[in-house]
Structures are given as structure tokens and as C-alpha cells.
Visitor: 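The structure's right below; bear with me while I get my questions together.
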2 protein chains.
Amino acid sequence: MTARGMLSRQRIVDAAAAVADRTGLASVSMRSVGAELRVEAMSLYHHVSNKEALLDALAEWAFVQIDLPEIGDPWRDAMVQRAESARTVLRAHPWALGMLESRPVPGPALLRHHDRVLGCLMTEGFSAALATHAFSTIDAFVYGFALTEAGLPFTPGEGAEAAFASQVAPPPEDYPYLARSLAELLHGGDYAFEDEFRNGLELILDGLAQRRMSIGTPWQ
Amino acid sequence: MTARGMLSRQRIVDAAAAVADRTGLASVSMRSVGAELRVEAMSLYHHVSNKEALLDALAEWAFVQIDLPEIGDPWRDAMVQRAESARTVLRAHPWALGMLESRPVPGPALLRHHDRVLGCLMTEGFSAALATHAFSTIDAFVYGFALTEAGLPFTPGEGAEAAFASQVAPPPEDYPYLARSLAELLHGGDYAFEDEFRNGLELILDGLAQRRMSIGTPWQ
DNA sequence: ACCTGAACACCGTTCAAGT
DNA sequence: ACCTGAACACCGTTCAAGT
């Protein structure tokens with residue numbers, strides 16, 4: 001029943017994730033993670049070399065949860081599925097976004113992920129160059145969308161958009177276009193910021209599909 | 001010559017930005033910012049209410065540097081210019097990215113920015129809905145690209161891509177597609193990750209241009 | 001081998017005291 | 001009014017000591 005002798009790197013990382021989920025990345029400290037495991041902070045040092053290493057493991061913990069596409073799946077479905085999976089993971093653990101900047105050296109898991117995505121595209125008629133364009137464009141969009149969403153002053157869905165808009169109520173004399181677009185969007189009553197994800201993603205995938213059809217032309 | 005009596009909110013925020021640029025966001029502390037100004041940490045509390053408020057001001061300090069588009073400029077040029085400006089700012093101050101997540105309430109500067117971008121699009125034939133799609137897609141891409149770039153284990157440009165690729169040298173038996181795409185891309189000798197920015201941006205803008213032409217159809 | 005207590009140099013912040 | 005010193009409850013980390 002006690003934690004004695006049962007400490008492990010895996011349990012420590014899980015505990016750190018639990019703390020981050022509950023109270024944010026800033027409150028992940030060697031002491032708070034220790035407390036989560038009913039152990040002194042110093043005990044952790046027998047399993048992780050320092051806090052930096054723990055944070056690296058925590059980043060990996062989150063990104064490993066993103067579904068890998070299967071090589072052989074239709075490329076477009078595969079990209080949609082991966083993007084949605086990434087968004088789901090990053091929505092559940094938004095603190096992981098702050099770890100993308102400034103975390104070093106790609107590990108085997110990241111390389112494997114990279115390889116699968118490229119493979120998925122290159123076995124379906126994408127050149128190496130276009131597959132790389134596709135990868136960086138989709139990834140940038142997905143991470144950026146998750147980042148924007150995490151910073152939103154409301155939780156999207158359930159009509160929170162309308163509630164927030166009427167709360168801020170940007171004065172039309174100062175912000176004419178913003179006011180007009182809010183009015184128009186919310187008039188229908190079914191605006192959901194969430195939908196912008198599929199929207200942007202489909203826009204990007206449409207563009208990629210077109211460039212894929214014209215491989216060999218100046219697009220390469 | 002002394003700092004006595006010359007402390008101000010502006011000087012404090014500037015000092016915090018200098019510390020962040022030099023040694024990272026993590027090392028921005030009330031004490032380190034005080035030291036930058038040759039003042040005790042406690043003196044700062046007469047100008048900013050606490051560290052959280054200082055960080056809010058620091059986020060604003062960075063984002064205000066992003067060029068606002070002029071209403072009346074051709075929409076596509078305006079979007080490109082704004083995107084490049086954002087990327088330049090975020091490359092110079094990558095710590096600002098970590099502040100996008102978890103920073104609350106949009107201030108007047110952000111609302112103004114929002115209004116201008118929407119105005120730029122809506123005066124050029126974009127519906128409110130399509131302008132909103134455009135805004136969120138471009139922004140997600142730009143932020144996400146900057147985030148990816150900041151996390152890169154090398155500084156893009158100057159052939160660093162090739163140097164890094166040969167350093168990592170993913171074994172082709174483990175990562176066949178990654179190895180093949182790296183080989184193909186670097187064969188030409190002119191691959192630059194940097195170019196993916198314009199590439200992805202143009203792909204998105206092409207998609208938006210097409211949807212703009214078909215306003216009134218099911219796209220809306 | 002694994003866990004801990006005390007210690008050190010750091011944090012943010014309060015408050016009473018200086019000018 | 002503005003700045004500061006001492007103090008408090010926190011950090012990460014080291015190291016010697018316990019089991």
C-alpha cells in the first residue's frame with residue numbers, strides 16, 4: 001500500500017503529467033511530483049537525473065499519444081486522423097505546447113513518427129519535396145491551432161463563443177470590422193470556433209491534393 | 001547616472017525583455033529584472049502589481065511589434081507582410097510563443113489588430129465567415145511554424161539543415177522514408193527549412209483566393 | 001540499492017522601515 | 001512617493017546519513 005520501493009521512472013513521469021494536468025506546468029516541481037507519489041523530492045533523483053530530464057520525459061509522454069498513421073492508408077484520411085489525434089492530445093494536455101519550443105534532440109519516437117508520415121505520403125504519389133512541404137504545413141497549422149485554442153479566454157463549444165462575444169462587446173466605433181463580423185457570424189447562432197480546425201485543415205489538404213496532381217510541373 | 005527615481009513600468013518591461021532575449025523566459029525573475037536595472041526586486045512592485053502582470057506586459061511588448069496591415073492594401077500582399085512580420089518578431093523573441101498559451105483577456109492592441117486584419121479582407125470581397133477562416137488558418141500556421149522553428153535543434157539557414165541531417169543520419173533500415181527524403185532534398189544542396197514558410201503560406205493563400213472567388217456557393 | 005534530512009542558493013511576495 | 005532590508009514560504013540540487 002505504501003509507495004516504498006515502488007518508485008520508477010514511469011511512475012514519476014505519470015505523476016508529473018497528473019500534476020501538470022491538474023494545476024499547470026508551472027506547478028510541476030520536484031517537491032510537488034514527490035508529494036504526488038508520497039515520497040520526498042530527493043527520492044526522484046534516483047530515477048531521473050534532474051528536472052530538465054523529467055520535463056523532456058514529460059514532453060515525450062504527451063507526444064507519444066499522437067496516433068501514428070498506417071502506411072498504406074489513403075493519404076488524406078491518414079493526415080486528417082493524425083491531425084485530429086494531435087489536437088485531441090494537445091487539448092487534453094495544453095502544457096505540452098510550451099515544451100515544443102526549447103526541447104532539444106529528436107528521440108527515436110519522433111523520428112519514427114516523422115518516418116511514418118513521410119512514408120504515408122511518399123507511397124501515395126508525393127515527391128520527397130512535396131511530402132516535406134505537406135508535413136511542415138500541416139504540423140505548423142495543427143500546433144498553431146492548438147496554441148491559439150489554449151490561449152482562448154473561453155472554452156470553445158457549447159455556445160461559449162456567443163457568450164464571450166457579448167461580454168467583450170467590442171464597440172463598433174473602435175472596431176468596426178470586428179464588430180460586424182461577430183454580428184454576422186453569431187447571427188446564425190451556430191458559429192463554433194472549433195469548426196475552424198476542420199476548415200483550415202481541409203483548405204490545406206485541398207491545396208496539397210492539387211499540387212500532388214501536378215507533380216512534374218514547376219511546382220515539383 | 002544612477003537609476004534612482006527613474007524607474008517606470010516601461011523601463012521594467014524593456015529590462016524583462018532584455019533578460020528574456022539574453023537568457024530565456026525561465027530566468028526572468030523579479031530579482032533578475034531588478035538587477036538589470038540596478039535596483040532591488042522589491043522596487044518593481046511600485047510599478048507592476050506582480051510577476052504575472054509583468055509577464056502580461058511582456059507578451060504585449062512582443063506582439064505589438066507585429067506590423068498591422070493597412071486597410072486598402074491588396075489583401076494577399078497584406079497577409080504576406082503581416083505573416084512575415086510575425087515570424088520575424090517571433091524568431092527574435094521565441095519566448096513570446098510560450099506566452100500565447102495561458103495568457104488571458106484580449107487587450108485593446110489585440111482587438112485593434114484583429115479589426116485591421118478582418119477589415120483588410122472584408123473590404124476586398126471576403127465574407128465575414130471567410131475572413132474569419134482566413135484569419136484563424138493563417139494565424140495558426142504562422143504561430144505553429146514559429147513554434148516548430150524555435151524547437152528545431154539547429155538554426156535554419158546557412159546549410160545547417162545538411163549539417164544536422166548528416167549528424168543525426170537516421171539509419172535507412174529503421175527510417176526508410178525519412179532517410180530517402182533527406183537524401184533527395186539535400187542532394188540538390190539548396191534545401192532550406194526556411195523556405196517551408198513561404199511555401200505553406202502560399203498554399204494557404206491560394207486556397208483562400210479560390211474560396212474568395214466562389215463566395216455564394218456552398219463554401220459561403 | 002534506495003530513500004531521506006539538513007543545508008545552500010535561489011524564487012515571489014509582504015510588511016515595516018527608511019529617505 | 002519611491003525604494004529597501006528582513007522575513008516567510010517556496011524552488012532545484014548536493015551530500016552525508018540512514019535502512
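Below, chain A is the first sequence line, B the second, and so on; all start at residue 1. Please read all numbers here as calculations on a predicted model, not as lab measurements.
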Visitor: Could you state the CZ-P distance from Arg38(B) to dC3(D), rounded to the nearest angstrom?
Guide: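 Computing the Arg38(B):CZ to dC3(D):P distance gives 16 Å.
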
Visitor: Using purine N1 to pyrimidine N3 plus N6-O4 or O6-N4 for Watson-Crick, or N1-O2 and O6-N3 for G-U wobble, each under 3.5 Å, what pairs with dC10(C)?
Guide: none

Visitor: Please give, in whole Å, the distance from dC3(C) P to Met6(A) CE?
Guide: 11 Å

Visitor: Classify the side-chain pair Tyr191(B)/Glu184(B) by whether it contains a donor and acceptor separated by less than 3.5 Å.
Guide: no

Visitor: Name the residue from Asp21(A), Val28(A), Val19(A) that meets the side-chain contact (heavy atoms from CB on, under 4.5 Å) definition with Trp95(A).
Guide: Asp21(A)

Visitor: Do His47(B) and Arg11(B) have side-chain N/O donor and acceptor atoms under 3.5 Å apart?
Guide: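 Per modelled atom types, His47(B) and Arg11(B) side chains form no pair under 3.5 Å.
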
Visitor: Can you measure Leu37(B) atom CG to dC2(D) atom C1' for me and round it to whole angstrom units?
Guide: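 For the pair Leu37(B) CG and dC2(D) C1', the rounded distance is 15 Å.
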
Visitor: Strictly below 4.0 Å: does Ser43(A) bring a side-chain N or O up to OP1 or OP2 of dT4(C)?
Guide: yes

Visitor: I'd like to know if the side chain of Ser27(A) reaches the main chain of Thr23(A), judged simply by a donor and an acceptor atom lying under 3.5 Å from each other, with no hydrogens or angles considered.
Guide: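 The answer is yes, because a donor-acceptor pair under 3.5 Å joins these two groups.
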
Visitor: Which atom pair, heavy atoms only, marks the closest approach of Pro170(B) to Tyr175(B)?
Guide: CB-CD1, 3.7 Å

Visitor: Grab the CZ-C1' distance between Arg9(A) and dC2(C) for me, whole Å please.
Guide: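 Roughly 17 Å, once rounded to whole Å.
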
Visitor: Taking a pair as Watson-Crick or G-U wobble with both distances under 3.5 Å, which nucleotide is matched to dC2(D)?
Guide: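 Looking at the geometry, dC2(D) pairs with dG18(C).
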
Visitor: Within the 4.0 Å limit for protein heavy atoms, which parts of nucleotides 6-18 of chain C are touched? Write it as a string from 5' to 3', B for base, S for sugar-phosphate only, - for none.
Guide: BB---BBBB----

Visitor: Check whether any side-chain heavy atom of Met79(B) sits under 4.5 Å from a side-chain heavy atom of Cys120(B), and report yes or no.
Guide: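 Answer yes - side chains close enough.
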
